[in-house]
Enquirer: 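Take a look at this one; I'll ask things after.
In this text the structure is predicted, and so the values were computed from the model without any measurement. Numbered from 1 within each chain, the chains take letters A, B, ... in sequence-line order.
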Protein chains: 2
Amino acid sequence: MSKTSRNTIARQKILELINSKKTAISHSSLQEELEGVCDRVTTYRVLERLVNESLIHRIVNVNGVVNYAPCQTCSHKEQHIHQHIHFSCISCGTIRCITDHPIAITLPENYSATEYQLTIAGTCPECL
Amino acid sequence: MSKTSRNTIARQKILELINSKKTAISHSSLQEELEGVCDRVTTYRVLERLVNESLIHRIVNVNGVVNYAPCQTCSHKEQHIHQHIHFSCISCGTIRCITDHPIAITLPENYSATEYQLTIAGTCPECL
DNA sequence: TTTATATTTGCAACAGAGTTGCGTTATGAG
DNA sequence: CTCATAACGCAACTCTGTTGCAAATATAAA
Ligand SMILES: [Mn+2]
Ligand SMILES: [Mn+2]
Ligand SMILES: [Zn+2]
Ligand SMILES: [Zn+2]
C-alpha cells in the first residue's frame with residue numbers, strides 16, 4: 001500500500017547536509033553545497049519526501065523563501081506539528097528554530113489549526 | 001525630501017478593493033478583480049507604496065504566497081509593527097487577521113524583532 | 001489657467017522558485 | 001539474481017516578483 005522510501009545517494013547526502021547545520025537552509029543553498037550530487041528537481045523531490053517522512057520541516061521566511069531544518073523537538077502525538085518560533089536574522093541571514101522558548105498562542109473558538117508558520121525577523125544575538 | 005504620494009486612479013481602486021474585503025487578497029486575485037484598471041507591474045508598485053505608507057500590510061501565507069490586508073489595529077508607536085496572528089483556511093482559502101485575540105510571544109535574550117509573520121493554517125469556523 | 005517637474009505608468013524583458021511529463025536508471029524485496 | 005517500481009535527469013513550463021526606460025499624468029508653482 002504505502003510506497004517504500006528508497007535510500008538513494010541524493011537522499012543520504014541531502015539529509016546529512018541538513019542535519020549537519022545549526023541553522024535552516026534553502027533549496028538553492030543546498031543545491032550549491034551538493035556540488036552536482038543530483039539535479040535540482042531531484043533535490044526538490046527529496047526534500048518533499050523528507051518532509052512527508054517528518055525528518056525535516058519547512059520554514060517559510062518573511063520574504064516567502066522556503067528553508068528546511070531537521071525535526072527535533074516536534075510533537076508527533078496525533079499528527080506532526082511544529083509549533084515553535086523561527087528567527088530570521090536580517091544581518092547574517094541565518095534562520096534558526098527557537099525550540100527552547102515557551103510561547104502561548106491560542107486561536108478563538110472554532111478555529112482548528114493544522115500548520116503553524118511563526119517566523120520573526122530581526123537581529124540575532126551574534127549580530128546585535 | 002520625502003516623495004509625495006500621488007493619488008492616481010490605480011492607487012484609488014486598489015486601496016478601495018483591499019479595504020472592501022473582510023479577508024486578505026493576493027496580487028493575482030487583485031489583478032483579476034481590477035479588470036484592466038492597470039498593468040500588473042503597476043499593481044505591484046502601488047501595493048509596495050501602500051505598504052510603505054502603512055495603509056495595508058503584507059501577509060505571507062504558509063505556502064509562501066503574499067496577501068494584503070488593510071491596517072487596522074496595528075501598533076504605530078515607534079515603528080509600524082503587526083504582531084497578530086493570520087489564519088489561513090485550507091477549506092475556503094480565505095486569510096483573516098485575528099486582531100481581537102491575545103497572544104504571548106517573546107524571544108530569548110538578545111534577540112531583537114522587527115517583523116512578525118505569524119500565520120496559522122487550518123479550518124475556519126465557517127468551514128468547520 | 002498654464003507650465004514645469006517629478007512621480008507614476010505600460011511594456012518588454014528578465015530572474016528565481018517551484019512543478020510536470022516522460023523516458024531512463026537503479027533500489028531493494030522476493 | 002530478477003524485476004517491479006521508486007527515483008532520477010532533462011527539458012519545458014508556470015507563477016511570482018523585479019528592472020530599465022520612454023511616455024503619460026498628478027500636483028505644485030508661476
Ligand atoms: Mn523549526
Ligand atoms: Mn493582519
Ligand atoms: Zn545574525
Ligand atoms: Zn474557511
Enquirer: To the nearest Å, give me how far apart CD1 (B/I9) and C1' (D/dA24) are.
Expert: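 Going from CD1 in B/I9 over to C1' in D/dA24 covers 11 Å.
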Enquirer: Taking atom C1' of C/dT8 as reference, at what distance in whole Å does atom CD of B/E53 sit?
Expert: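 Between C1' of C/dT8 and CD of B/E53: 13 Å.
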Enquirer: Starting at CD of A/Q12 and ending at C1' of D/dC8, how long is that distance when rounded to a whole Å?
Expert: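 After rounding, the reported distance stands at 15 Å.
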Enquirer: Between B/R58 and A/V46, which has a closest nucleotide on DNA chain D that is more 5'?
Expert: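 By nearest-heavy-atom nucleotide position, the 5'-most residue is A/V46.
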Enquirer: Report each atom pair, protein N/O against N/O of nucleotides 28-30 of chain C, whose distance is under 3.5 angstrom.
Expert:
{"from": "C/dG28", "atom 1": "OP1", "to": "A/N7", "atom 2": "N", "distance (Å)": "2.5"}

Enquirer: Name every residue in residues 17-34 of chain B that has at least one heavy atom under 4.0 Å from any atom of DNA chain C, in order of residue number, or write none if there are no such residues.
Expert: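 None, since no heavy atom is under 4.0 Å.
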Enquirer: Indicate if B/I90 and B/I120 have the same hydrophobic cluster label, given that clusters are the connected sets of ILVMFWY residues with side-chain heavy-atom separations under 4.5 angstrom.
Expert: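 Hydrophobic grouping puts B/I90 apart from B/I120.
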Enquirer: What nucleic acid atoms does A/V66 come within less than 4.0 Å of, heavy atoms only: base, sugar-phosphate, or nothing?
Expert: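 Sugar-phosphate, backbone atoms only, no base.
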Enquirer: Under 4.0 Å between a side-chain N or O of B/R45 and OP1 or OP2 of D/dG20?
Expert: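 For D/dG20, neither OP1 nor OP2 has a side-chain N or O of B/R45 closer than 4.0 Å.
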Enquirer: Of the nucleotides D/dG17, D/dC8, C/dT19, which one has an atom closest to the side chain of A/Y44?
Expert: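 Per side-chain heavy atoms of A/Y44, the pick is C/dT19.
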Enquirer: Are A/I85 and B/I98 in one and the same hydrophobic cluster, where Ile, Leu, Val, Met, Phe, Trp and Tyr link if side-chain heavy atoms are under 4.5 Å apart?
Expert: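 Yes; tracing contacts between hydrophobic side chains, which count when under 4.5 Å, links both residues.
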Enquirer: NZ of A/K13 versus P of D/dA7: gap in Å, rounded?
Expert: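 So the two atoms are 18 Å apart, to the nearest Å.
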Enquirer: Does some side-chain heavy atom of A/C124 sit less than 4.5 Å from a side-chain heavy atom of A/S91?
Expert: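 The answer is no; the side chains never approach within 4.5 Å.
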Enquirer: Figure out the CZ/C1' separation between A/R49 and D/dA7, and round it to whole Å.
Expert: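 Whole-Å distance recorded here is 6 Å.
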Enquirer: Can you name the residues that form a side chain to side chain donor-acceptor pair (under 3.5 Å) with A/N61, not counting sequence neighbours?
Expert: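 Here the qualifying residues are A/S88.
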Enquirer: If you take any heavy atom closer than 4.0 Å to DNA chain D, which residues from residues 35-43 of chain B end up in contact?
Expert: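 Correct list: B/R40, B/V41.
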Enquirer: Under 4.5 Å between any side-chain heavy atoms of A/Y68 and A/V51, yes or no?
Expert: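 Yes, at least one pair of side-chain atoms sits under 4.5 Å.
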Enquirer: Can you tell whether the side chains of B/K21 and B/E16 come within less than 4.0 Å, N to carboxylate O?
Expert: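 No.
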Enquirer: Just wondering, do A/R49 and A/R45 contact through their side chains at under 4.5 Å, heavy atoms?
Expert: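 No; the side chains remain at least 4.5 Å from each other.
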Enquirer: In chain order, what residues pass the side-chain contact (heavy atoms from CB on, under 4.5 Å) check against B/R40, with sequence neighbours excluded?
Expert: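 In terms of side-chain contact (heavy atoms from CB on, under 4.5 Å), with neighbours along the sequence ignored, B/R40 is linked to B/H27, B/Q31, B/Y44.
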Enquirer: Pairs in or reaching into residues 119-128 of chain A: which pass side-chain hydrogen bond (donor to acceptor under 3.5 Å, both in side chains), with residues at least two apart or in two chains?
Expert: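 side-chain hydrogen bond (donor to acceptor under 3.5 Å, both in side chains) check on residues 119-128 of chain A returns no pairs.
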Enquirer: Could you state the atom-to-atom distance from CD of B/E48 to P of C/dT9 in whole Å?
Expert: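 These atoms are roughly 12 Å apart.
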Enquirer: What heavy-atom pair brings B/V66 and B/R58 nearest, and what distance separates the two atoms?
Expert: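 That would be CG2-NH2, 3.6 Å.
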Enquirer: Answer with yes or no whether the hydrophobic clustering places B/L55 together with B/I59; edges join I, L, V, M, F, W, Y residues whose side-chain heavy atoms lie under 4.5 Å apart.
Expert: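 Unlinked, B/L55 and B/I59 end up in two clusters.
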